[in-house]
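Read the structure below first, then the notes.
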Amino acid sequence: MSATFERVYAVVRQIPHGRVATYGRVAELADVATPRVVGFALSALEDDTDVPWHRVLNAKGTISLGRRDGAATTQRERLEAEGVVFDANSRIDLSAHAWSGPA
DNA sequence: TCCATGACCGACT
DNA sequence: AAGTCGGCCATGG
């Protein structure tokens with residue numbers, strides 16, 4: 001495990017229950033060069049991880065795992081279970097659920 | 001060691 | 001409104 005990944009995971013673990021953060025935001029807080037690395041870090045997570053990766057969305061407030069099989073559905077279910085609401089376009093109201101980082 | 005690839009973002013045309 | 005481009009980290013062959 002690299003230090004860069006650890007920083008990303010540390011930030012994601014801080015996202016409060018029922019809140020969401022964008023890749024760009026996580027990259028910024030984790031002090032990572034580009035959001036790309038965040039995505040790659042999350043893609044390397046295992047199923048039994050303690051990192052709430054489902055609380056991370058892209059800049060539009062939608063789930064980016066569209067291509068990834070099954071994962072998108074899992075993410076949506078977990079978010080809805082936490083009280084996060086999706087609109088008609090399967091998009092999340094960032095102004096209502098976005099996490100702006102540690103206080 | 002070099003090359004390609006991957007959950008992305010923001011600015012520009 | 002939609003497509004292109006640069007950014008730049010880690011992994012596998």
Side-chain angles (χ1 to χ4, degrees):
Chain A
M1 221 33 125
S2 67
T4 304
F5 279 17
E6 287 300 330
R7 280 204 300 282
V8 173
Y9 300 150
V11 171
V12 176
R13 269 191 283 251
Q14 287 174 56
I15 304 176
H17 177 91
R19 285 298 170 74
V20 295
T22 64
Y23 284 94
R25 201 60 181 166
V26 172
E28 194 177 333
L29 294 172
D31 197 31
V32 175
T34 86
R36 225 174 157 137
V37 183
V38 176
F40 195 40
L42 295 185
S43 71
L45 284 174
E46 297 175 22
D47 297 329
D48 57 6
T49 180
D50 60 327
V51 179
W53 57 269
H54 54 277
R55 296 186 191 145
V56 184
L57 317 169
N58 60 26
K60 299 171 198 155
T62 62
I63 296 177
S64 304
L65 302 167
R67 46 193 90 174
R68 197 86 177 181
D69 189 51
T73 304
T74 300
Q75 178 167 16
R76 175 161 181 164
E77 287 178 351
R78 284 173 118 172
L79 286 174
E80 291 182 321
E82 294 187 355
V84 177
V85 182
F86 289 77
D87 66 14
N89 292 312
S90 298
R91 195 187 307 180
I92 292 174
D93 184 355
L94 290 179
S95 64
H97 298 287
W99 176 63
S100 302

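Here is the naming used below: chain letters follow the sequence lines, and residue numbers restart at 1 for every chain. In this text, all values refer to a predicted model and were calculated from it rather than measured experimentally.
Between the CG atom of A/L42 and the C1' atom of B/dC9 there is a distance of 15 Å, rounded to whole Å. In this structure, the NZ atom of A/K60 is 13 Å from the P atom of C/dA1, given to the nearest Å. What separates CD1 of A/I63 from P of B/dC8 is a distance of 13 Å, to the nearest Å.
Within a 6.0 Å sphere centred on CG of A/D48, other residues, nucleotides and ligands contribute more than 12 heavy atoms.
Between A/P52 and A/V12 the shortest side-chain heavy-atom distance falls below 4.5 Å. A 4.5 Å side-chain heavy-atom check between A/I63 and A/F86 finds at least one atom pair inside the cut-off. No side-chain heavy atom of A/Y23 sits under 4.5 Å from any side-chain heavy atom of A/V32. For the pair A/R55 and A/H17, the minimum side-chain heavy-atom distance is below 4.5 Å. At a threshold of 4.5 Å between non-hydrogen side-chain atoms, the residues A/R25 and A/V11 do not count as touching.
Shown for residues 23-40 of chain A: residues whose heavy atoms fall under 4.0 angstrom of DNA chain C, namely A/A33, A/T34, A/P35, A/R36, A/V37, A/F40. Annotation: proximity of residues 78-91 of chain A to DNA chain C (heavy atom, distance under 4.0 Å) is found for no residue.
Counting only residues at least two apart or in different chains, salt bridge (Lys or Arg N to Asp or Glu O under 4.0 Å) contacts with residues 84-103 of chain A are absent.
Between C/dA10 and A/T4, a contact under 4.0 Å exists linking OP1 or OP2 to a side-chain N or O.
In terms of heavy atoms, A/V84 sits closest to A/H97 at CA-CE1, 3.9 Å.
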